[in-house]
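Report on the following structure.
Remember, it's 1-based here, ligands and their atoms both numbered in the order they're listed. Here, residue 1 is the first one in the sequence, and each next residue gets the next number.
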Amino acid sequence: MLKKLIRKNEQTISINLTERIKRAQQEQLPSHIAIIMDGNGRWAKKRTLPRVAGHHEGMKIVKRITRFANEIGIKTLTLYAFSTENWKRPKLEVEFLMRLPEEFLGTYLPELIEQNVQVKMMGNIESLPEHTKRAVKKAMEQTAHNDGLILNFALNYGSRDEIVQAVRNIVNDVQDGNISAEVISEKLLDNYLMTKDLSEPDLLIRTSGEVRLSNFMLWQLAYTEFWFTDTLWPDFDEACLLDAIESYQTRNRRYGGLKGEEVN
Ligand code: FPP
């Protein structure tokens, strides 16, 4: 009896999800979704597990959400996996986090290739441990010709650091005579950022109840729609992503201007 009921419930859930997906796809989907995956530590603490168990569970959710985002037609998914400030964490936690890309890609790269996913990374790759760098570079090389979902890991990434580097490179190009100071514009700066080949995020999600940007894509998020949830990252699922997308689809994006019907 209980089994039947559970099965029935599962069926109800999956029907609802299918319906919701269909409805969401009839409207404009966010092309680029960026996620600050937060709450792994609290998820583990609630279960009296070590913090790293939360990160490991979080890695499984990365897989799940990547697959789902690809299936429903999201074009780019940027995930904040490690910030330039995260080096301040205890050595063992940092070491564990630096092993995750290797484990994730070691396990799922064949599936990502099959699903036509293109793996990218933004952040300072050179100062990552050799094994992390190797895993990420291999994944980027082996998926470079795929043209499905772009899975963009923000790894050893900090937005202020990115902007400082961009400014430095612009100054160098001016000094070397490659460009003149007069051509410096927002568009030009865009082209010196690590996201130069990506569209700007349409939707930013942060999990775990924290409501801040934590040095994430400060320039690129200027006109992004934000969605915050108390759900901890390891508890995030397809239904949560749809909640965020449905909220996005009710937003009136004006980019500082007015929409047609409001002009008069
Ligand atoms: C923040 O939660 C989370 C991180 C610093 C790491 C996020 C990494 C993953 C979700 C896995 C990444 C997977 C791959 C494949 C690279 P927190 O530890 O600050 O949580 P807390 O605020 O509850 O302590």
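- The shortest non-hydrogen separation linking Gln115 to Asn70 is O-ND2, 3.0 Å.
- Contact atoms of ligand 1 toward Leu97: 6 (C) (distance under 4.0 Å to a heavy atom of the residue).
- Contact check on Glu93 versus Arg89 returns a salt bridge, with a Lys/Arg side-chain nitrogen under 4.0 Å from an Asp/Glu carboxylate oxygen.
- Contacts with ligand 1 closer than 4.0 Å are made by side-chain heavy atoms of Arg89 only, the backbone lying farther away.
- Using a 4.0 Å cut-off between charged nitrogen and carboxylate oxygen, Arg134 and Glu102 do not count as a salt-bridge pair.
- For Trp227 and Asp243, the side-chain atoms include no donor-acceptor pair closer than 3.5 Å.
- Of the listed options Val136, Leu100, Val52, Thr132, Leu100 places a heavy atom closest to atom 11 (C) of ligand 1.
- With respect to Glu57 and Lys60, a salt bridge is recorded, a charged nitrogen being found less than 4.0 Å from a carboxylate O.
- Using a 4.0 Å cut-off between a side-chain N of Lys or Arg and a carboxylate O of Asp or Glu, Glu130 and Lys137 do not qualify as a salt bridge.
- Near Trp233, with a cut-off below 4.0 Å to any heavy atom, the atoms of ligand 1 are 10 (C).
- Close approach of ligand 1 to Phe104 (heavy-atom distance below 4.0 Å) involves ligand atoms 15 (C).
- Using a cutoff of 4.0 Å between basic side-chain nitrogens and carboxylate oxygens, Lys91 and Glu95 are scored as salt-bridged.
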Would you tabulate the side-chain donor-acceptor contacts of residues 21-31 under 3.5 Å, counting partners in other chains and residues two or more places apart, or write 'none'?
from: Lys22; atom 1: NZ; to: Glu19; atom 2: OE2; distance (Å): 3.4
from: Gln25; atom 1: NE2; to: Ile72; atom 2: O; distance (Å): 3.0

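- Looking from atom 13 (C) of ligand 1 to the surrounding protein, the closest heavy atom is Val62 CG2, 4.0 Å.
- Nearest protein heavy-atom contact of atom 4 (C) of ligand 1 is His55 CE1, 4.0 Å.
- The distance criterion of under 3.5 Å between nitrogen or oxygen atoms is met by Arg42 with respect to ligand 1.
- Looking at atom 14 (C) of ligand 1, its nearest protein heavy atom turns out to be Phe153 CE2, 4.1 Å.
- Taking a cut-off of under 4.0 Å to the non-hydrogen atoms of Asn40, the atoms of ligand 1 that pass are 2 (O), 3 (C), 6 (C), 7 (C), 8 (C), 9 (C), 10 (C), 20 (O), 23 (O).
- Listed by number with element, the atoms of ligand 1 under 4.0 angstrom from any heavy atom of Ala81 are 6 (C), 7 (C), 8 (C), 16 (C).
- Ranking protein heavy atoms by distance to atom 2 (O) of ligand 1, first place goes to Asp38 OD1, 3.2 Å.
- In summary, the side chains of Asn152 and Thr76 do not present any donor paired with an acceptor at a separation below 3.5 Å, with no hydrogens or angles considered.
- Geometrically, ligand 1 and Pro101 share no nitrogen or oxygen pair separated by less than 3.5 Å.
- Ligand 1 has Gly39 within reach: a non-hydrogen atom of the residue lies less than 4.0 Å from it.
- Ion pairing of Lys196 with Asp190 is absent here, as no side-chain N (NZ or NE/NH1/NH2) approaches a carboxylate O to less than 4.0 Å.
- Taking distance alone, with nitrogen or oxygen atoms compared against 3.5 Å, Arg51 approaches ligand 1 more closely than that limit.
- The ligand atoms of ligand 1 that sit less than 4.0 angstrom from a heavy atom of Asn86 are 5 (C).
- Minimum interatomic distance between Leu188 and Ile184 (heavy atoms only, all atoms of both residues): CD2-CA, 4.0 Å.
- Regarding atom 3 (C) of ligand 1, its nearest protein heavy-atom neighbour is Met37 O, 3.2 Å.
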